[in-house]
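Remarks on the structure that follows.
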Amino acid sequence: MGGGAAGFFGAIACAEANPRLRVYLIEKTGKLLSKVRISGGGRCNVTHAADTPAQLVQHYPRGAKQLKEPFKQFGAVDTVRWFERRGVRLKTEPDGRMFPVTDSSETIAQALLTAADKAGVRILTHTTAEYITTLPTGGFRLHLTGTHAQELEVARLLIATGGAPKAAQYDWLRALGHTIAEPVPSLFTFNVPESPLRDLPGVSVPHARVRIAGEKLEYEGPILVTHWGVSGPAVLKLSAWGARRLHELAHRHTALVSWLPTHTEDSLRQWLLDFRGQHGKKLVASNPLFGLPQRLWRTLTEQAGIGAEVKWNELPIKSQNRLIEGLLRTALLVQGKTTYKDEFVTCGGVVLGEVDMKTMQSRCVPGLYFAGEVLDIDGITGGFNFQAAWTTGYLAGRAMADTPIR
């Protein structure tokens, strides 16, 4: 159940491992692999370059410990090989993200559709399982409505329906006997209605640090100023690691941005003292330092009360102190969040303690399996959520195929 990355991978793995099985893939909409198609700006960030499970698991705020063994069975290297065997070559970008060499997500979608077709997977779109009942002799009865309405009895069932933003959307899984970790958003940007950077949309800094005031939450990386606040990898990754705490704060908090994360206040003060001694006649506002964008530097100097004609050797200490504060701790009053494009990721889902992570089979209901974001697993941006989908889908599919049919 579920026509996304995990559902397709599970169905293909199952059908390829045991061609005798009749494998159905059920999708309630008419859109197959919708997240695959929009991922990475339409390029599809398939996975992340990582040679070992230990490298991979560092990027999962939820599920890291439990994914270590599954990644030994099917990790990033296996994903690359899987697609290469099906004619799709991947390339690695400087930050480790991996994309198809075509730079088109359609390449990945078509590879999955073709593999499913060759394996004999029967795809039922516009079809919903209104309710699921367990059968006394094992297996399940699905009451399907929609285009392919029918009563369908199956020996095993893989749930790969993705994450959901509301707890009530998991009620049907609770009815099957599972515990659900409350879903909360992950991977989102910060809304800052009264941002001191409001006139700088499009300005980016490749290495900054974002910290939540009063919390042990911070992350370093690129940051992007937007019309509504701030975004970029540093913000998105921080939102993932802090998903539950930021939810508790109702997404209202103060974010402190250091534009110079390699500097402490003491080291920056000494650096500026040396600079003033050597370049005292330079104008402060019109000569950006540290490689910062001109527009950002000018805004920081204006907020420090430094006029356009002020030279370094004329700069009052109070103004310099305000500039240091802005460089190291620009305060942004966050008043909400914005989902990262259309790539909604949830923190939460089926509790992992109720799933055998070697096979992805439920410990509560024999014959029931899980894969993808329906589980309480989520990664930071960079291809990690897809890798979790490929891995859990593959293990589930293979286990379903290998389990003797009663």
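Any value given below was found using the heavy atoms of this structure, including those in side chains, with hydrogens, waters and symmetry copies removed.
- Heavy-atom contacts from other residues, nucleotides or ligands closer than 6.0 Å to NZ of K118 number 12 or fewer.
- Between the side chain of D117 and the main chain of L113, no donor-acceptor pair closer than 3.5 Å is present.
- In this structure, OG1 on T79 lies 3.5 Å from CD on Q387, to the nearest 0.5 angstrom.
- Here the side chains of L395 and T359 are not in contact, with every heavy-atom distance at 4.5 Å or above.
- Residues L158 and Q361 have side chains not in contact (no heavy-atom distance under 4.5 Å, counting atoms from C-beta outward).
- Between L238 and L217, the closest side-chain pair of non-hydrogen atoms falls below 4.5 Å.
- Taking all atoms of both residues into account, the shortest heavy-atom contact from M400 to C14 is CB-SG, 4.1 Å.
- E354 and S362 form no side-chain donor-acceptor contact under 3.5 Å, judged by distance and modelled atom types alone.
- Applying the side chain to side chain contact (heavy atoms under 4.5 Å, CB included) test between Q270 and each of L268, D266, D274 identifies D274 as the sole match.
- The two residues R244 and G348 have their closest heavy-atom pair at NH2-CA, 3.7 Å.
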Query raised in the report: Does the salt bridge (Lys or Arg N to Asp or Glu O under 4.0 Å) test come out yes or no for R43 and E93, once each step is laid out?
Result: CA-CA 12 Å; R43 297 167 63 210; E93 304 216 328; 2.4 Å; yes
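- A salt bridge links D95 with R97: at least one charged nitrogen is closer than 4.0 Å to a carboxylate oxygen.
- Taking the centre of each ring, F386 and F9 stay at or above the 6.0 Å mark.
- Aromatic ring centroids of W82 and F74 lie 6.0 Å or more apart.
- In this structure, L352 and G63 approach most closely via the heavy-atom pair CD1-CA, 3.8 Å.
- Ionic pairing of E16 and R86 is present here: one or more N-O contacts between side-chain nitrogen and carboxylate oxygen are shorter than 4.0 angstrom.
- Within a 6.0 Å radius of CD in E194, other residues, nucleotides and ligands contribute 12 heavy atoms or fewer.
- Between the side chain of Q150 and the main chain of L152, no donor-acceptor pair closer than 3.5 Å is present.
- T391 places a side-chain heavy atom less than 4.5 Å from the side chain of F71.
- The closest side-chain heavy-atom distance from I380 to P61 is below 4.5 Å.
- With rounding to the nearest 0.5 Å, the separation of CE in M1 from OG1 in T128 is 8.0 Å.
- With respect to the salt-bridge test (charged N to carboxylate O, under 4.0 angstrom), the residues E248 and R245 qualify.
- With S105 contributing its side chain and G42 its backbone, the two residues share a donor-acceptor pair below 3.5 Å.
- Summarising the geometry, atom OG1 belonging to T301 is positioned 13.5 Å from atom CD belonging to Q320; distances are rounded to the nearest 0.5 Å.
- Between L32 and L112 there is no side-chain heavy-atom pair separated by less than 4.5 Å.
- Residue K166 holds its NZ atom at 13.0 Å from CD of E182, rounded to the nearest 0.5 Å.
- We find that R295 and D199 are not joined by a salt bridge, their nearest charged nitrogen and carboxylate oxygen being 4.0 Å or further apart.
- The six-membered or imidazole ring of F83 lies near that of W390, with a centre-to-centre distance under 6.0 Å.
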Query raised in the report: Could you walk me through whether T107 and T102 pass the side-chain hydrogen bond (donor to acceptor under 3.5 Å, both in side chains) check?
Result: CA-CA 7 Å; T107 303; T102 59; 2.6 Å; yes
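- With respect to R81 and E84, no salt bridge is recorded, no charged nitrogen being found less than 4.0 Å from a carboxylate O.
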Query - Verdict with reasoning, V36 to F8, per side-chain contact (heavy atoms from CB on, under 4.5 Å) - result: CA-CA 11 Å; V36 168; F8 261 86; over 6 Å; no
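- Remark: the backbone N or O of H143 is not paired with any side-chain donor or acceptor of Y131 at under 3.5 angstrom.
- Of all heavy-atom pairs spanning I12 and A115, the tightest one is CD1-CB, 3.8 Å.
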Query - Derivation and outcome, side-chain contact (heavy atoms from CB on, under 4.5 Å), residues N191 and V334 - result: CA-CA 6 Å; N191 285 358; V334 178; 5.5 Å; no
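- For H263 and F290, the ring centers sit closer than 6.0 Å to each other.
- For the atom pair CD1 of I38 and NZ of K31, the computed distance is 9.5 Å after rounding to the nearest 0.5 Å.
- A heavy-atom distance below 4.5 Å is not found between the side chains of V351 and D376.
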Query raised in the report: Which is it for T189 and W228 under the side-chain contact (heavy atoms from CB on, under 4.5 Å) test, yes or no, and what are the steps along the way?
Result: CA-CA 9 Å; T189 63; W228 61 87; 3.0 Å; yes
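- Within the 3.5 Å criterion, the main-chain N or O of V210 finds no donor-acceptor partner in the side chain of E220.
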Requested in this report: Output, in order, the C-alpha distance, side-chain angles, deciding distance and verdict of salt bridge (Lys or Arg N to Asp or Glu O under 4.0 Å) for K358 and E69.
Outcome: CA-CA 7 Å; K358 293 178 181 178; E69 288 302 317; over 6 Å; no
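- Ring to ring, H178 and Y170 are not that close: their centroids are 6.0 angstrom or more apart.
- Ion pairing between R329 and E265 holds under the 4.0 Å rule for side-chain N and carboxylate O.
- Shown here for R269 and I324, the closest heavy-atom pair between the two residues is NH1-CD1, 3.7 Å.
- Between the N45 side chain and the M98 main chain, a donor and an acceptor come within less than 3.5 Å of each other.
- Around atom CZ of R89, no more than 12 heavy atoms belonging to other residues, nucleotides or ligands sit under 6.0 Å away.
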Requested in this report: Could you check I212 against T254 for side-chain contact (heavy atoms from CB on, under 4.5 Å), going step by step and ending with a plain yes or no?
Outcome: CA-CA 6 Å; I212 307 303; T254 298; over 6 Å; no
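- A donor-acceptor contact shorter than 3.5 Å links the side chain of T127 to the backbone of T125.
- R122 is not listed as a side-chain neighbour of L25, based on a closest heavy-atom distance of 4.5 Å or more.
- No donor-acceptor distance shorter than 3.5 angstrom exists from the side chain of R62 to the backbone of I377, with no hydrogens or angles considered.
- Using a distance-only test at 3.5 Å, with no hydrogens or angles considered, no donor-acceptor pair links the side chain of E373 to the main chain of G162.
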Query - ring-ring contact (aromatic ring centres under 6.0 Å, His included) assessment of F188 paired with H251 - result: CA-CA 10 Å; F188 49 83; H251 302 285; 4.9 Å; yes
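- Here the side chain of S195 pairs no donor or acceptor atom with the backbone of V192 at under 3.5 angstrom.
- Smallest separation of non-hydrogen atoms from T226 and S231: CG2-CB, 3.8 Å.
- Interatomic distance, Y60 OH to Q66 CD, rounded to the nearest 0.5 Å: 12.5 Å.
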